[in-house]
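Just so it is clear, the model here is predicted, and its values are computed rather than measured. Residues: numbered from 1 along the sequence shown.
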Amino acid sequence: MSRFDDVVQQLGITLDAQLRHLALTHRSYSYENGGIPTNERLEFLGDAVLGVTVTSHLYSAFPEYPEGRLAKLRSAVVNSHALADVARSLEIGPDILLGRGEISTGGHDKTSILADTMEALIGAVFLTGGIGASETLVRHLFDHLVDEADAKGAGLDWKTSLQERCSELGLAPPEYLISIDGPDHQRHFSAVAVVDGNPSGEGSGPSKKRAEQQAAAQAFHSLAVSPGPVTDA
């Protein structure tokens with residue numbers, strides 16, 4: 001039983017067992033098992049449910065924001081990386097039914113597969129319990145991402161926010177130290193954000209961009225709670 005199932009129970013949401021199974025069935029598993037139905041239709045539905053729920057929340061929560069800002073906030077929340085991170089936090093990966101090829105290349109932790117499965121599960125919740133159930137789930141899982149995205153500033157990007165913060169404090173732009181390991185088909189990147197000559201944040205992920213963003217986020221928060229540079233009166 002994954003953390004996803006625990007969350008669903010805690011929220012009082014009913015999820016049809018057959019729809020749950022379908023939502024976890026990747027096409028690679030289907031190909032190896034006689035072409036059984038896959039989660040792709042549920043993914044299509046869940047994407048729409050997620051989009052309208054987040055959009056409605058943004059519209060109500062930020063009445064002063066113009067359309068462009070709202071669109072950027074939505075994109076920061078409704079994207080494959082955000083979906084995959086939510087799926088990882090819910091330990092969904094091990095439950096996904098994958099073909100042998102995907103399993104051998106780390107499919108249970110692939111961003112695209114996790115994101116698609118998360119959308120499929122949202123679709124399954126919608127079909128089982130209607131818009132009320134799916135909205136409850138989406139708001140529970142994604143509202144904090146909306147708040148985090150809004151805190152990133154106009155760029156909605158941790159690297160941009162960190163650079164702006166350094167500028168405000170009179171510091172040089174941050175630098176990033178990158179290291180790579182793992183086989184060619186499963187590269188893993190690590191990044192260290194260096195601010196004013198000091199390592200201030202670390203990050204890792206399947207891409208350089210992802211690792212840098214995590215490092216920048218950590219560095220940004222460390223600067224946010226530390227005093228600015230001392231200046232002469």
Q: To the nearest 0.5 Å, tell me how far Glu148 CD sits from Trp158 CH2.
A: 6.5 Å
Q) Is it true that Arg187 and Asp181 have a side-chain N and a carboxylate O under 4.0 angstrom from each other? A) no
Q: State, with a plain yes or no, whether a side-chain heavy atom of Asn39 is found less than 4.5 Å away from one of Tyr29.
A: no
(Q) Within the structure provided, determine whether Leu11 and His140 are in side-chain contact (heavy-atom separation under 4.5 Å). (A) yes
**Q.** Residue pair Val86 / Leu145, side-chain heavy-atom distance below 4.5 Å
**A.** yes
(Q) For a side-chain contact (heavy atoms from CB on, under 4.5 Å) check, start with the C-alpha distance between Leu121 and Thr117, then their side-chain angles and the critical distance, and finish with the verdict. (A) CA-CA 6 Å; Leu121 285 166; Thr117 304; 4.3 Å; yes
Q.
Quick one, Glu119 with Asp116, criterion side-chain contact (heavy atoms from CB on, under 4.5 Å). Give me CA distance, side-chain angles, the key distance, then yes/no.
A. CA-CA 5 Å; Glu119 289 180 334; Asp116 292 346; 4.3 Å; yes
Q.
Would you say CZ of Phe44 has more than 12 non-hydrogen atoms from neighbouring residues, nucleotides or ligands within 6.0 angstrom?
A. no
Q.
Applying salt bridge (Lys or Arg N to Asp or Glu O under 4.0 Å), can you list everything that pairs with Glu32, at least two apart in sequence or on another chain?
A. Arg100
Q: Determine whether Leu114 and Ile96 make a side-chain contact, defined as any pair of heavy atoms from C-beta on separated by less than 4.5 Å.
A: yes
Q: Kindly indicate whether the side chain of Pro206, heavy atoms from C-beta on, has any atom under 4.5 Å from the side chain of Thr111.
A: yes
Q | Test side-chain contact (heavy atoms from CB on, under 4.5 Å) applied to Gln218 - qualifying residues, sequence neighbours left out | A | Glu202
(Q) Can you tell me how far apart CE (Met118) and CD1 (Ile113) are? Round to the nearest 0.5 Å. (A) 15.5 Å
Q) Out of curiosity, Leu22 CG to Leu42 CG, how far, rounded to the nearest 0.5 Å? A) 4.5 Å
Q | Single hit among Asp147, Ile122, Leu137 for side-chain contact (heavy atoms from CB on, under 4.5 Å) with Phe142 | A | Ile122
Q) Would His26 and Leu97 count as a side-chain contact (heavy atoms from CB on, under 4.5 Å) if you check the C-alpha gap in whole Å, the side-chain angles of each, and the deciding distance to 0.1 Å? A) CA-CA 6 Å; His26 188 257; Leu97 300 175; 5.9 Å; no
(Q) Would you say CZ of Arg88 has more than 12 non-hydrogen atoms from neighbouring residues, nucleotides or ligands within 6.0 angstrom? (A) yes
Q: Please answer whether the main-chain N or O of Ile131 pairs with a side-chain N or O of Ser134 as donor and acceptor at a distance below 3.5 Å.
A: yes
Q: Check whether any side-chain heavy atom of Leu73 lies under 4.5 Å from a side-chain heavy atom of Val77, and answer yes or no.
A: no
Q: Indicate yes or no: does Asp150 engage Arg69 in a salt bridge with an N to O separation below 4.0 Å.
A: yes
Q.
Tell me the closest heavy-atom pair linking His108 and Gly93, and the distance in Å.
A. CD2-O, 2.7 Å
**Q.** Listed partners of Glu168 passing salt bridge (Lys or Arg N to Asp or Glu O under 4.0 Å), at least two apart
**A.** Arg165
Q | Hydrophobic cluster partners of Val192 (side-chain heavy atoms under 4.5 Å) | A | Leu177, Val194
(Q) One pair to check against side-chain contact (heavy atoms from CB on, under 4.5 Å): Ser190 and Ile178. What are the steps and the verdict? (A) CA-CA 6 Å; Ser190 298; Ile178 307 296; over 6 Å; no
Q. Does Thr38 reach the main-chain N or O of Thr25 with its side chain, forming a donor-acceptor pair under 3.5 Å?
A. no
Q: Look up atom CG in Leu19 and atom OG1 in Thr128, then write down how far apart they are to the nearest 0.5 Å.
A: 4.5 Å
**Q.** Steps toward side-chain hydrogen bond (donor to acceptor under 3.5 Å, both in side chains) verdict (Thr55, Arg74)
**A.** CA-CA 7 Å; Thr55 300; Arg74 181 176 58 193; 3.1 Å; yes
(Q) I'd like to know if the side chain of Ser56 reaches the main chain of Val52, judged simply by a donor and an acceptor atom lying under 3.5 Å from each other, with no hydrogens or angles considered. (A) no
Q | Straight-line distance of Ile103 CD1 to Ser28 OG, nearest 0.5 Å | A | 7.5 Å
Q: Report the hydrophobic cluster partners of Tyr31, with the cluster defined as I, L, V, M, F, W, Y residues connected by side-chain heavy atoms closer than 4.5 angstrom, directly or transitively.
A: none
Q | Closest non-hydrogen atom pair between Gln18 and Asp16, with its separation | A | N-OD2, 3.0 Å
Q: Search all heavy atoms of Ala23 against all heavy atoms of Ala124 and return the closest pair with its distance.
A: CB-CB, 4.3 Å
(Q) I want to check a possible cation-pi pair here: Lys159 against Tyr176, using under 6.0 Å from ring centre and within 45° of the ring axis as the test. (A) yes
Q) Could you state the interatomic distance from CZ (Arg20) to CG (Asp95), rounded to the nearest 0.5 Å? A) 5.0 Å
Q.
Suppose we screen for side chain to side chain donor-acceptor pair (under 3.5 Å). Which residues come up paired with Tyr59, at least two apart in sequence or across chains?
A. none
(Q) Could you check whether any side-chain heavy atom of Leu141 comes within less than 4.5 Å of a side-chain heavy atom of Leu90, counting everything from C-beta outward? (A) yes
**Q.** Side chain Asp196, main chain Asn198, donor-acceptor under 3.5 Å
**A.** no
**Q.** Polar side-chain atom of Asp47 near backbone of Glu43 as donor-acceptor pair, under 3.5 Å
**A.** no
Q.
When you measure from the side chain of Asn33 to the backbone of Ser30, do you find a donor-acceptor pair of N or O atoms at a distance under 3.5 Å?
A. no
Q.
Measuring only between side-chain heavy atoms, which start at C-beta, is Leu162 closer than 4.5 Å to Leu223?
A. yes
Q. Is a side-chain N or O of Thr105 found less than 3.5 angstrom from the main chain of Gly107, in a donor-acceptor match?
A. no
